[in-house]
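Scroll down for the structure; my scribbles are underneath it.
Index from 1, following the sequence.
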Amino acid sequence: MEHGSITESHASTFSLADEDHTLANSVRFSLNQDPRVSFCGYSIPHPSDAKVNIRVQTTGDPANEVFKDALQDLMVMCQHVRSTFEKAVVDHKTTSESFEKMNIDS
C-alpha cells in the first residue's frame, strides 16, 4: 500500500504487510544504490506487527516508479545469487564424486 500525496509524487511511504527487517533492509539497500533517491529509510511500527513502512524521497522522479525499479533490481540480485549458489553446489558434488572415485588409500 502506498501512502503519498497526489501533488508530491517524488515522496511516498510504502507499507508492506507480513514482512520484517530481512526484506526491508534489502529494499533499502537497493533503493540507496539508485542515484534518483535522495532519502530512503524504513521502520517497523511495532515488533508484534508484521508490517514494514519504507519511506522513499526522490530527486524528482515518481517515488512509486523508483520503488518498483528497486524491487526489480533486488529480484535480479536474488536470481543471480541463487544461480551462482546452485552452480557451486553442482560443482562441489562433481568434485566430491571425482575424489571418491579415486579411491586413495591412506
Side-chain angles (χ1 to χ4, degrees):
M1 176 185 297
E2 180 181 356
H3 305 282
S5 169
I6 295 172
T7 59
E8 293 186 22
S9 65
H10 70 279
S12 289
T13 300
F14 302 90
S15 294
L16 306 178
D18 298 324
E19 295 300 342
D20 59 12
H21 290 283
T22 305
L23 180 67
N25 197 37
S26 299
V27 172
R28 182 198 57 80
F29 173 81
S30 183
L31 281 162
N32 280 327
Q33 300 301 308
D34 193 326
R36 299 175 293 172
V37 174
S38 59
F39 172 80
C40 175
Y42 77 91
S43 65
I44 295 181
H46 192 275
S48 66
D49 289 341
K51 179 177 140 181
V52 173
N53 295 325
I54 300 176
R55 178 73 177 171
V56 180
Q57 291 176 315
T58 69
T59 56
D61 292 28
N64 60 349
E65 288 181 17
V66 174
F67 186 70
K68 288 177 189 176
D69 291 346
L71 294 176
Q72 289 289 345
D73 292 345
L74 187 58
M75 284 176 41
V76 169
M77 282 187 258
C78 290
Q79 290 168 347
H80 173 72
V81 169
R82 183 178 183 147
S83 65
T84 303
F85 176 76
E86 288 172 349
K87 182 186 179 307
V89 168
V90 169
D91 291 348
H92 176 72
K93 286 181 179 179
T94 304
T95 305
S96 296
E97 289 172 1
S98 64
F99 279 122
E100 289 174 8
K101 289 179 183 177
M102 292 173 87
N103 196 13
I104 300 174
D105 293 329
S106 301

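In this structure Asp91 satisfies the salt bridge (charged side-chain N to carboxylate O under 4.0 Å, His left out) test together with Lys87, sequence neighbours excluded. Checked against salt bridge (charged side-chain N to carboxylate O under 4.0 Å, His left out), Arg36 has the following partners two or more places apart in sequence or in another chain: Asp34, Asp61, Asp69. Under the side-chain contact (heavy atoms from CB on, under 4.5 Å) criterion, His46 pairs with Ser48, Asp49, not counting sequence neighbours. With sequence neighbours left out, Ser43 forms a side-chain contact (heavy atoms from CB on, under 4.5 Å) with Asn53.
A donor-acceptor pair is defined here as one N or O able to donate and one able to accept, closer than 3.5 Å; no such pair exists between the side chain of Thr59 and the backbone of Ser38. Judged purely by atom type and a 3.5 angstrom limit, Thr13 has no side-chain atom pairing as donor or acceptor with the backbone of Arg55.
In this structure, CG on Leu71 lies 7.0 Å from CG on Leu31, to the nearest 0.5 angstrom. Atom CG of Leu16 and atom NZ of Lys51 lie 10.0 Å apart (nearest 0.5 Å). Within the model, atoms CD of Gln72 and OG of Ser30 stand 10.0 Å from one another, a figure rounded to the nearest 0.5 Å.
Counting all heavy atoms, side chain and backbone alike, Phe14 lies closest to Asn64 at CZ-CA, 3.7 Å.
Applying the under-4.5 Å side-chain rule to Ile, Leu, Val, Met, Phe, Trp and Tyr, the cluster around Phe85 extends to Val89.
Using a 4.5 Å cut-off between side-chain heavy atoms of Ile, Leu, Val, Met, Phe, Trp and Tyr, with links allowed through other members, Met77 and Val37 fall into the same hydrophobic cluster.
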Less than 3.5 Å apart, which donor and acceptor atoms pair up between the side chains of residues 19-29 and the rest of the protein, not counting sequence neighbours?
unit_1 : atom_1 : unit_2 : atom_2 : d
Asp20  : OD1    : Thr22  : N      : 3.1
Asp20  : OD1    : Thr22  : OG1    : 3.4
His21  : ND1    : Tyr42  : OH     : 2.8
Asn25  : OD1    : Arg28  : NE     : 3.0
Asn25  : OD1    : Arg28  : NH2    : 2.8
Ser26  : OG     : Thr22  : O      : 2.9

